[in-house]
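Heavy atoms only: backbone and side chains are in, while hydrogens, waters and symmetry mates are out.
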Amino acid sequence: TAMERGGISALGDARVENVEALRAGGVSAPITLIRSPMLHQVDRVVAAASTSLNSEAVVIEALSAAAVTQLRLHGIVLMVELGDLREGILAADLVDLARLAHGLPGLTLQGIGTNLACQSGVAPDDANMTELSRLVELVETTFDLVLPVVSGGNSANINWALECNDPGRVNELRLGESILLGREPLHRKPVPGLHTDSITLVAEVIESKDKPSQPWGTIAQAGFGAAPAREGLGITRQSLLALGHQDIDPDGLTATPGFTILGASSDHLVVDTGDTRCSVGSEISFQLNYSALVRAMTSPFVTKLFHGTSP
């Protein structure tokens with residue numbers, strides 16, 4: 001993969017189906033399932049993923065049973081809650097869960113991790129990263145072991161990692177948005193040295209007409225709730241694109257200068273093309289934020305084309 005060619009030695013994905021697809025595609029690098037395994041999928045997780053992030057005892061016990069049955073060794077990273085209120089056990093419960101994971105057959109306790117800035121926007125900083133390092137050392141001292149993985153978080157940690165004087169025990173970040181879009185998620189500012197336009201979304205025009213700027217008739221809810229307000233009077237040069245909510249997040253698209261996104265339904269994106277008349281069959285390009293990119297990359301109706309060569 002491009003990431004492997006770029007020097008990344010391990011990969012992560014939140015869905016076991018994607019991990020299985022990577023394996024089927026010939027990827028042999030270590031892969032971590034970066035969402036807690038669903039209980040009914042533990043057999044597949046052990047078969048495809050090298051490691052998984054965990055916070056529930058019942059899941060860890062099921063992973064152990066699956067690993068024993070498959071004669072495999074599966075890595076466990078315990079996720080700790082440090083304030084963002086997504087996944088993770090409370091710090092007070094860490095030692096007990098570590099004792100369970102460390103003692104079960106078929107498992108190896110690989111490390112401790114946390115996640116920030118996804119659910120509540122809590123930013124990584126010296127205080128919570130220092131607390132993570134403290135918890136790692138607590139587990140190591142309690143069980144007389146060395147944990148090779150201290151997973152400090154996601155792309156929201158980029159600024160902290162680049163600017164801190166001492167990262168403590170943190171030696172891993174789970175990076176997605178920063179690599180793909182070249183921006184840090186806390187303020188969406190460009191990351192120095194990275195490109196912010198590496199990924200472009202292209203959609204085909206399926207209708208091009210001059211239409212009134214404002215709708216008429218009794219206005220109720222639209223397909224996805226309240227209809228977006230439309231500005232101006234007179235006539236709009238409007239293009240209809242073969243793309244909709246099930247493919248992207250319309251609010252996450254940035255249109256070509258001079259173009260304005262007017263709204264979207266399940267399968268249609270409506271664009272005011274300003275002074276440009278777009279013919280049916282022509283294409284319009286957009287830049288994407290993380291929300292739009294996630295949907296576009298997982299939609300089976302969006303074709304993915306890769307350009308360029310390895311560095």
Determine the interplanar angle of the Phe224 and His245 rings, folded into 0 to 90°, and report it as parallel if under 30°, tilted if 30 to 60°, perpendicular if over 60°. parallel
Gap between atom OG of Ser50 and atom CZ of Arg72 - 0.5 Å precision: 9.0 Å
Salt-bridge test for Asp210 and Arg277: reply yes if a basic N is under 4.0 Å from a carboxylate O, no otherwise. yes
List in chain and number order the residues that pass ring-ring contact (aromatic ring centres under 6.0 Å, His included) with His268, two or more places apart in sequence or in another chain; answer none if no residue qualifies. none
Under a plain distance cut-off of 3.5 Å, with no hydrogens placed, do Thr200 and Gln287 share a side-chain donor-acceptor pair? yes
Among Leu53, Val139, Ile60, the one residue meeting side chain to side chain contact (heavy atoms under 4.5 Å, CB included) with Leu78: Ile60
Side-chain H-bond candidate by donor/acceptor type, Asn289 with Arg183, under 3.5 Å: no
Take Asn54 and Ser52 through the test side chain to side chain donor-acceptor pair (under 3.5 Å) and record every step on the way to the result. CA-CA 6 Å; Asn54 287 270; Ser52 58; 2.8 Å; yes
Is it true that Gln246 and Ser266 share a donor-acceptor pair across their side chains at a distance under 3.5 Å? no
Output, in order, the C-alpha distance, side-chain angles, deciding distance and verdict of salt bridge (charged side-chain N to carboxylate O under 4.0 Å, His left out) for Arg23 and Glu20. CA-CA 5 Å; Arg23 294 300 190 207; Glu20 290 169 338; over 6 Å; no
For residues 170-207, which residue pairs qualify under ring-ring contact (aromatic ring centres under 6.0 Å, His included), counting only residues two or more places apart or in two chains? none
To the nearest 0.5 Å, atom CG of Leu73 lies from atom CG of Leu107 at 7.5 Å
Just wondering, more than 12 heavy atoms not from Phe143 lying within 6.0 Å of its CZ? yes
Kindly compute the distance separating CG (Asn18) from OG1 (Thr298), expressed to the nearest 0.5 Å. 8.5 Å
Quick check: is Val302 connected to Ile261 through a chain of hydrophobic side chains (ILVMFWY, heavy atoms under 4.5 Å apart)? yes
Atom pair CD (Glu231) and OG1 (Thr260), whose distance is rounded to the nearest 0.5 Å: 8.5 Å
Give a yes or no on this: more than 12 heavy atoms of other residues, nucleotides or ligands lie within 6.0 Å of atom CG of Leu162. yes
